[in-house]
Asks: 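Handing you this structure, nothing more for now.
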Number of protein chains: 2
Amino acid sequence: MIPDRETSFPGAADEIARASGSAVDAVLAQIRQMIVEGGLKVGDKLPTERELCERFASSRNTVREAMRMLKAFGVVEVRPKVGATIVDQRMNRAFDLFSFNVTEISRQTFDDIQGFRELIETGSVTQIFAAIQPSDLSDLREINREMVRAKSVIEASEHDLRFHTRLVSIIGNKSILDIYRIMTPVILRIMQRGKTRRTIEGETFREHEAILDAAERRDALAFQYLMRTHLRAGLWTFEDG
Amino acid sequence: MIPDRETSFPGAADEIARASGSAVDAVLAQIRQMIVEGGLKVGDKLPTERELCERFASSRNTVREAMRMLKAFGVVEVRPKVGATIVDQRMNRAFDLFSFNVTEISRQTFDDIQGFRELIETGSVTQIFAAIQPSDLSDLREINREMVRAKSVIEASEHDLRFHTRLVSIIGNKSILDIYRIMTPVILRIMQRGKTRRTIEGETFREHEAILDAAERRDALAFQYLMRTHLRAGLWTFEDG
DNA sequence: CGACTCATTTGTTGGTCCAGATTTCATCCT
DNA sequence: AGGATGAAATCTGGACCAACAAATGAGTCG
């Protein structure tokens, strides 16, 4: 079920901090065990590095590398003199994860991401209509105007994304919003592809406005139709491929 | 827009590998710059640690900690005596990210996660019905039977999750499947909460079967209704809170 | 009450040593 | 002579150590 992960986070079913090859991994597993079995919560502090050294009979550099791992995972925050504090910034880390672009956006990725957004943004029309307030609408219209005023395509894309993120936030579902935020870097790259100043000032702005109009009069069918066509626009960029 | 990230991945708008406080972060930023501006692709190899040391005028341990960071992010895979190879295992890392349970599932989290699943699994009925094959249905029924035969609640939950994941895979959208996989650990914990042997052998199995029956006769309304009530079951676990 | 000192803790550095992979190259057989 | 073979030198990451720098909390003294 779990794919090959050579040096990954120690799985839940691991033995008692058994060394899975590397000494750092062993320390990592033991710290993990200490956290879960010690019932440590967010805000609690881990022992000092040197204490962990002697407790696990490891060198300080080994412990430090394990710490660096936990830091990368957003599980601890370590400051000089104060030590390592347990935090939960994994969502931010997941965000960072995808801001590192190693592969180009493919047609397939475009379809998949936009398909996902279509599912979210058209499927949640009921929740959106139930929760939307006049202040939400004015916010969204303001964001839309800011998009037109943007000085560059990059900046406009950010406003475009802000528009959609703001819309998704109305659903009131933190998990959905988190996932949307995680995908931010990828969505941004999609938006910047094949977007010209004309399309922003024209189509994108008008489509956003039409979507908001539909939301204002609680026209679910129009909202879904407009959103769907809006998200499917931009496909032409890949048509030649 | 981007939240506070103290020691995070260097953002795209960073200056030229300027030290954002930590020396490790500086090296990290420079390696990142080397990758993106050097046009390094997946499969390419990074210079040796010692070469990076002298190139960045840093100690080996500093470079090693930066490497450890990249490893945690799933960007490089480093093997002894071979070196660091660029990979893209960020999805697996995102998966690992949430297998580290630091916080307890709250009623709010339950609602949000199940709300997200409802959106995905009921909203994609059109795509599922369009793509589903008889082999998919027989697979799903087999998984359902395996769930009943499971020896423990934990194991049964895994089959339960496999059932839903298999269903979602029919959509044919890699992004949605990836996200579903990322949420696997959280969903598993939700499933294991308040699930007894009786509910598995009884309700869960029957609900799955009913969903498959609806899929077999392409009854979208029934499919959505059954899935909705299926996902909303288990809410009682939190009702007392 | 404020400034100051001090001790503790993390950050960083430059090393050592080791085991294993890789490469080199001399040797040996055909 | 030419290719195969194997041993040795070299290279590389893994683990570790000692030491110093910097930051900061805590206690102390004026």
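Throughout, protein chains are lettered first and strands after them, A, B, ... in sequence-line order, and every chain is numbered starting at 1. The model shown is predicted, which means the values in this text are computed figures rather than measured ones.
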Asks: Given side chains that start at C-beta, do those of B:R60 and B:V63 come closer than 4.5 Å, heavy atoms only?
Replies: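 Side chain of B:R60 against side chain of B:V63, heavy atoms only: no contact under 4.5 Å found.
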Asks: Got A:I113 and A:I187 here, is their nearest side-chain heavy-atom distance under 4.5 Å?
Replies: yes
Asks: Report yes if the side chains of B:F56 and B:M34 come closer than 4.5 Å at any heavy-atom pair, otherwise no.
Replies: yes
Asks: Does a donor on one side chain sit under 3.5 Å from an acceptor on the other, for A:R117 and A:Q114?
Replies: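 Yes, a side-chain donor-acceptor pair sits under 3.5 Å.
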Asks: State whether B:E142 and B:R145 are salt-bridged, where the test is any N-O pair (Lys NZ or Arg NE/NH1/NH2 against Asp/Glu carboxylate O) under 4.0 Å.
Replies: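 Salt bridge between B:E142 and B:R145, a charged N being under 4.0 Å from a carboxylate O: yes.
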Asks: Dump the pairs, protein N or O against N or O of nucleotides 18-25 of chain C, anything under 3.5 Å, distances to one decimal.
Replies:
from: C:dA19; atom 1: N3; to: B:K81; atom 2: NZ; distance (Å): 3.3

Asks: Can you tell me how far C1' of C:dT16 sits from CZ of B:R64, to the nearest Å?
Replies: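 Roughly 14 Å, once rounded to whole Å.
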Asks: Could you give the start and end, 5' to 3', of the contact zone on DNA chain D for chain A, using atoms under 4.0 Å from its heavy atoms?
Replies: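 Range of nucleotides within reach of chain A: D:dA15 to D:dG25.
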Asks: Please report the shortest heavy-atom distance between B:I128 and B:L167, naming the atom on each side.
Replies: CD1-O, 4.1 Å
Asks: Go through residues 54-63 of chain A and report each residue with a non-hydrogen atom lying under 4.0 Å from DNA chain D, sorted by number.
Replies: A:S59, A:R60, A:N61, A:T62
Asks: Atom CG of B:L28 and atom P of C:dG11: how far apart are they, to the nearest Å?
Replies: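 The answer, rounded to whole Å, is 15 Å.
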Asks: Would you say the side chains of B:T109 and B:S106 form a donor-acceptor pair under 3.5 Å?
Replies: yes
Asks: Using the ring of each side chain (for Trp, its six-membered ring), is A:H164 parallel, tilted or perpendicular to A:H208, with breaks at 30° and 60°?
Replies: perpendicular
Asks: Please name the pair of heavy atoms, one in A:D136 and one in A:R166, separated by the smallest distance, quoted to 0.1 Å.
Replies: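 So the minimum-distance heavy-atom pair works out to OD1-NH2, 2.7 Å.
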Asks: Can B:R93 and B:D96 be counted as an ion pair, charged N to O under 4.0 angstrom?
Replies: yes
